[in-house]
Amino acid sequence: MSSLDELLESTSRTFAVAIPLLPEPTRGEVTIAYLLFRIADTFEDADGWPRADRLAALEELGALIENADFMRAKKLADRWLARPPSEHDGYLDLLAQTPAVIAALGAVPAAARKILAHHTLRTVRGMSRIVSLSDQNGRLALATIEELRQYCYIVAGIVGELLTDLFLHDAPQLARRADVLHATKVIFGEALQLVNILRDSDDDAHGGRRYLPAGRRGDVMALAVADVDEASRYVEALAEAGAPRGLVAFTAFLLLLARSTLDRVEAQGPGAKVARVEVKRLVEHVVSSPVDRILRYPA
């Protein structure tokens, strides 16, 4: 197992399961992208840092992504950790390994590296705008569904765009269904993020981040259900275009997990999660099912 795989396992429950389903070189590319997003998230959520410090760290991360500067990454990692932005051991280890992540980005072939840098930079800059909207203590409250969707675009819709560009680059046969992939890529990301927000709303509110507009939980639930249904077109387009099995399995797993999580949150309320044994069954299903039936998972 590579050091980046170990970082993935220590910083994510879901993506540590999903990303290994991908074939190479996409697996390595998406791992790097995830870790860069996770570093940015750590700065965005750094409750113990004043707003100015979070903005400065995001700007510094953006410069590292632009220039793939390994030596600068070492200096910044030491400075960031001098006053840790998180209490999560995995996130702190990831910050310490920022030079390794930046070095891995620099080693990606030029065309794929351009895709990674372009979209991760867009997200980092978008997160800076989000932090700018918070107060000095990091408290943020979204007031409308439109504000929520704009937030979801920054933190997840762009991820859908990044994945789509990588998939089309790594598997050129997908070009014949590129129209559907482009039409549904943002909804795919939004669907996953809305489910996370509904699940984690109590924990987020405790941390001073209220992503659900007041009194609109039911509307957000309805939007999430519609998005998850629409996002199935993304997975179906991959299968119809003859995508490598791993691309279909990766996206199907994420979508099926989102559906299962949404069902539990609707029945049990915020905090409800899919049990690990059920996650294992989902993995077995997407690995073994015919691709044209991969989204037909028993409720």
Side-chain angles (χ1 to χ4, degrees), residues 1-44 61-62 64-70 73-74 77 86 88-124 127 155-171 174 185 188-189 192-193 196 238 243-255 257-258 279 282-283 286-287:
M1 180 181 293
S2 73
S3 60
L4 296 191
D5 289 335
E6 291 170 352
L7 290 171
L8 181 63
E9 287 202 353
S10 67
T11 56
S12 171
R13 178 186 177 191
T14 298
F15 283 96
V17 174
I19 290 175
L21 297 171
L22 290 166
E24 293 292 2
T26 316
R27 173 179 175 173
E29 295 158 357
V30 175
T31 296
I32 293 166
Y34 170 80
L35 294 174
L36 290 170
F37 287 134
R38 182 66 264 170
I39 294 170
D41 284 341
T42 301
F43 295 145
E44 183 196 356
L61 176 61
L64 290 179
I65 293 170
E66 279 190 297
N67 301 313
D69 188 337
F70 175 80
K74 291 180 67 176
S86 171
H88 190 293
D89 289 341
Y91 299 168
L92 296 180
D93 187 34
L94 173 57
L95 289 186
Q97 295 300 319
T98 299
V101 179
I102 294 299
L105 174 64
V108 173
R113 183 171 70 248
K114 183 177 180 180
I115 294 169
L116 291 173
H118 172 66
H119 290 298
T120 53
L121 270 172
R122 293 173 62 222
T123 294
V124 168
M127 286 183 177
V155 301
I158 292 174
V159 176
E161 293 174 336
L162 179 150
L163 290 172
T164 302
D165 285 351
L166 285 177
F167 292 173
L168 289 167
H169 174 268
D170 293 346
L174 301 183
K185 61 189 178 184
F188 182 84
L192 304 183
Q193 188 63 29
N196 289 343
L238 289 173
R245 172 71 189 219
L247 301 191
V248 183
F250 169 81
T251 51
F253 169 77
L254 292 174
L255 190 59
L257 181 60
V279 172
L282 281 172
V283 172
V286 299
V287 168

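Across Gly28 and Glu24, no two heavy atoms sit closer than the pair N-OE1, 3.1 Å. Between Leu64 and Asp69, the shortest heavy-atom contact is CD2-O, 3.6 Å. Nearest heavy atoms, Gly106 versus Arg113: O-NH1, 3.4 Å. The shortest non-hydrogen separation linking Ile102 to Phe70 is CG2-N, 4.3 Å. Pairing each heavy atom of Leu254 with each of Ala18, the nearest pair is CD2-CB, 3.8 Å. In terms of heavy-atom proximity, Leu21 sits nearest to Ala249 at CD1-O, 3.8 Å.
Put simply, the side chain of Ile32 does not reach to within 4.5 Å of the side chain of Glu29, judged on heavy atoms. Contact of the Leu174 side chain with the Leu238 side chain is registered, since non-hydrogen atoms from C-beta on lie closer than 4.5 Å. Residues Thr14 and Phe253 meet the side-chain proximity criterion, which asks for heavy atoms closer than 4.5 Å. The closest side-chain heavy-atom distance from Lys185 to Leu163 is not below 4.5 Å. Here the side chains of Asp93 and Asp89 are not in contact, with every heavy-atom distance at 4.5 Å or above. Between Glu44 and Asp41, some side-chain heavy-atom pair lies under the 4.5 Å cut-off. Leu22 is not listed as a side-chain neighbour of Thr31, based on a closest heavy-atom distance of 4.5 Å or more.
For the atom pair OH (Tyr34) and OG1 (Thr11), the distance works out to 4.0 Å, reported to the nearest 0.5 Å. From Leu247, atom CG reaches atom CZ of Phe167 across 5.0 Å, with rounding to the nearest 0.5 Å. Note that CG of Leu8 and CD of Glu6 are 10.5 Å apart. Values are rounded to the nearest 0.5 Å. Atom OG1 of Thr120 is separated from atom CG of Leu36 by 5.5 Å, given to the nearest 0.5 angstrom. Separation of atoms OG1 (Thr123) and CZ (Phe37) is listed at 4.0 Å; rounding is to 0.5 Å. With rounding to the nearest 0.5 Å, the separation of CG in Leu121 from CG in Leu116 is 10.5 Å.
A salt bridge links Arg27 with Asp5; the closest basic N to acidic carboxylate O contact falls under 4.0 Å.
Under the rule for a side-chain hydrogen bond (donor to acceptor under 3.5 Å, both in side chains), the partners of Thr26 that lie at least two apart in sequence or sit in another chain are Asp170.
With Gln97 contributing its side chain and Val101 its backbone, the two residues share no donor-acceptor pair below 3.5 Å.
The one candidate from His119, His118, Lys114 that meets the side-chain hydrogen bond (donor to acceptor under 3.5 Å, both in side chains) condition with Asp165 is His119.
Ring-plane geometry between Phe250 and Phe15 is classed as tilted, the angle between the planes lying from 30 to 60 degrees on a 0 to 90 degree scale.
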